[in-house]
**Student:** 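Can you keep this structure in mind? I'll have questions shortly.
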Amino acid sequence: MTSPKLQVLLIEDNPGDVYLITHALNLGAVPKSIDVVNDGEAALSYLHRRGRFRGVHRPDLVVLDLNLPRVDGRKVLAELKTNPVLMTIPVVILSSSSEPSDIAAAYERHANCFLTKPWDLIEYLDLVRAIEDYWMGCVALPV
Amino acid sequence: MHTEAPTAAAEILLLAQHDYDVAVIKRATGASYVNVVAKCPNVLSWLRRQGEYDRAARPDLILLDLDLSNDDDCELLSEIKEDPDFKRIPVVVLASSESHENIFQAYSLNANAYICKPTDREEYVRVIRATLHFWLALAKLPRKL
């Protein structure tokens, strides 16, 4: 990685999930800066750098929950992946859903991958660590 | 990192241009089924079950050894990712190039992930194992159509 810090955008409304995901990501060795937005509308403002998000960095990786207030995560994904400027940003779906229809629809809309939040806390932490290992350690991101 | 063999019985479709890559990837895949095709047009024939591929298995994961500065390789990736029958199958691009331009190109054509092939053989095996572990053991994959 040539960039000093990876920019991660976490789009997640549940405070418990936000705490757990940011905590687990910050345990990893890759230098990163994590910004959090709690609803789909704020996510779109952030990605388009509108309003209070003027001047934010373009994320190198997005971690997106599907069930979000105001604007649904599915709509955020669709908007990201049909926008010529934003579509190259890899989007990791991290959802409580394991519904085949949600999984298929996410890949159809070009989500980069789909992960289901485990119920077990240790498994959940391990999965978030695996996101870091793979997406920030193995994969070449468009930075 | 993960060194265990990935989930058994997964179907992987691999486009590889060189025997070296096939050997490395087969070493890394353990018990999974790896179907190897060696030319770009054959990947589409495989997915469409045309000609000699009429009984081809639907892959869980597609690994494409591509050179994104080559128009045919870009065309292949975009055809896979635009086809309603198989656009949802995750495609991991394996490439020698580390150029930003090629990496952006791959993501703009909707590659699911881009991996720069390490020149060190053991590191290459490790990266492929990590890829298989992530996609086959951790990620939720779409049901096969």
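Every chain is numbered from 1 and lettered A, B, ... according to where its sequence line falls, protein lines coming before strand lines.
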**Student:** Return yes when atom CD of E98(B) has more than 12 non-hydrogen atoms of other residues, nucleotides or ligands closer than 6.0 Å, and no otherwise.
**Tutor:** no

**Student:** So with a 6.0 Å cut-off around NE2 of H57(A), is the heavy-atom count from everything else above 12?
**Tutor:** no

**Student:** Quick one, L138(B) with L127(A), criterion side-chain contact (heavy atoms from CB on, under 4.5 Å). Give me CA distance, side-chain angles, the key distance, then yes/no.
**Tutor:** CA-CA 7 Å; L138(B) 300 178; L127(A) 186 68; 4.1 Å; yes

**Student:** Is chain A contacted by the side chain of A111(B), its backbone, both, or neither, given a heavy-atom distance below 4.5 Å?
**Tutor:** backbone

**Student:** Can you pull out the residues in residues 109-116 of chain A with any heavy atom less than 4.5 Å from chain B?
**Tutor:** H110(A), A111(A), N112(A), C113(A), F114(A), L115(A), T116(A)

**Student:** Tell me whether H100(B) contacts the main-chain N or O of P142(A) through its side chain, where contact means a donor paired with an acceptor under 3.5 Å.
**Tutor:**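 No: the side chain of H100(B) does not pair with the backbone of P142(A).
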
**Student:** Answer yes or no: is there a side-chain heavy-atom contact under 4.5 Å between S98(A) and K140(B)?
**Tutor:** yes

**Student:** Using a cut-off of 6.0 Å, state whether more than 12 heavy atoms not belonging to R70(A) lie near its atom CZ.
**Tutor:**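 It does not: R70(A) CZ has 12 such atoms or fewer within range.
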
**Student:** State whether the number of non-hydrogen atoms from other residues, nucleotides or ligands found under 6.0 Å of E101(B) atom CD is greater than 12.
**Tutor:**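 Counting other residues, nucleotides and ligands, CD of E101(B) stays at 12 neighbours or fewer.
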
**Student:** Looking at D19(B), I want to see if its CG is surrounded by more than 12 non-hydrogen atoms of other residues, nucleotides or ligands under 6.0 Å.
**Tutor:** no

**Student:** For atom NZ of K117(B), is the number of surrounding heavy atoms from other residues, nucleotides or ligands below 6.0 Å larger than 12?
**Tutor:**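 Yes, because the 6.0 Å sphere around NZ of K117(B) holds more than 12 heavy atoms from other groups.
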
**Student:** Run the side-chain contact (heavy atoms from CB on, under 4.5 Å) test on Y107(A) and N112(B) for me, step by step, so that the C-alpha distance in whole Å, both residues' side-chain angles and the decisive distance to 0.1 Å come before the verdict.
**Tutor:** CA-CA 9 Å; Y107(A) 284 106; N112(B) 293 73; 4.0 Å; yes

**Student:** Please report the closest heavy-atom contact between A104(A) and P142(B), naming both atoms and the distance.
**Tutor:**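 For A104(A) and P142(B), the tightest heavy-atom pair comes out as CA-CB, 4.3 Å.
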
**Student:** Working to the nearest 0.5 Å, report the span between CD of E123(B) and SG of C138(A).
**Tutor:**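 The CD atom of E123(B) sits 7.5 Å away from the SG atom of C138(A).
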
**Student:** Quick test of your reading: applying salt bridge (Lys or Arg N to Asp or Glu O under 4.0 Å), list the pairs with at least one residue in residues 87-103 of chain A, sequence neighbours left out, ordered by first then second residue.
**Tutor:** R74(A)-D102(A)

**Student:** Tell me which of these, A106(A), P118(A), A105(A), P100(A), has more heavy-atom pairs under 4.5 Å with chain B than the rest.
**Tutor:** P100(A)

**Student:** If every non-hydrogen atom of Y134(A) is compared with every non-hydrogen atom of I115(B), which pair is closest and at what distance?
**Tutor:** OH-CD1, 3.7 Å

**Student:** Any chance OH of Y20(B) has more than 12 other-residue heavy atoms, nucleotides or ligands included, within less than 6.0 Å?
**Tutor:** yes

**Student:** Considering only heavy atoms, give the residues of residues 81-96 of chain A separated from chain B by less than 4.5 Å, sorted numerically, with 'none' for an empty result.
**Tutor:**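 So far as heavy atoms go, M87(A), T88(A), P90(A) are the residues that approach chain B to under 4.5 Å.
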
**Student:** For chain A, which residues of residues 84-94 of chain B have at least one non-hydrogen atom nearer than 4.5 Å to it?
**Tutor:**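 So the qualifying residues are P84(B), K87(B), R88(B), P90(B), V92(B).
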
**Student:** Quick check: is V127(B) connected to V30(A) through a chain of hydrophobic side chains (ILVMFWY, heavy atoms under 4.5 Å apart)?
**Tutor:**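 Yes, one cluster joins them.
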
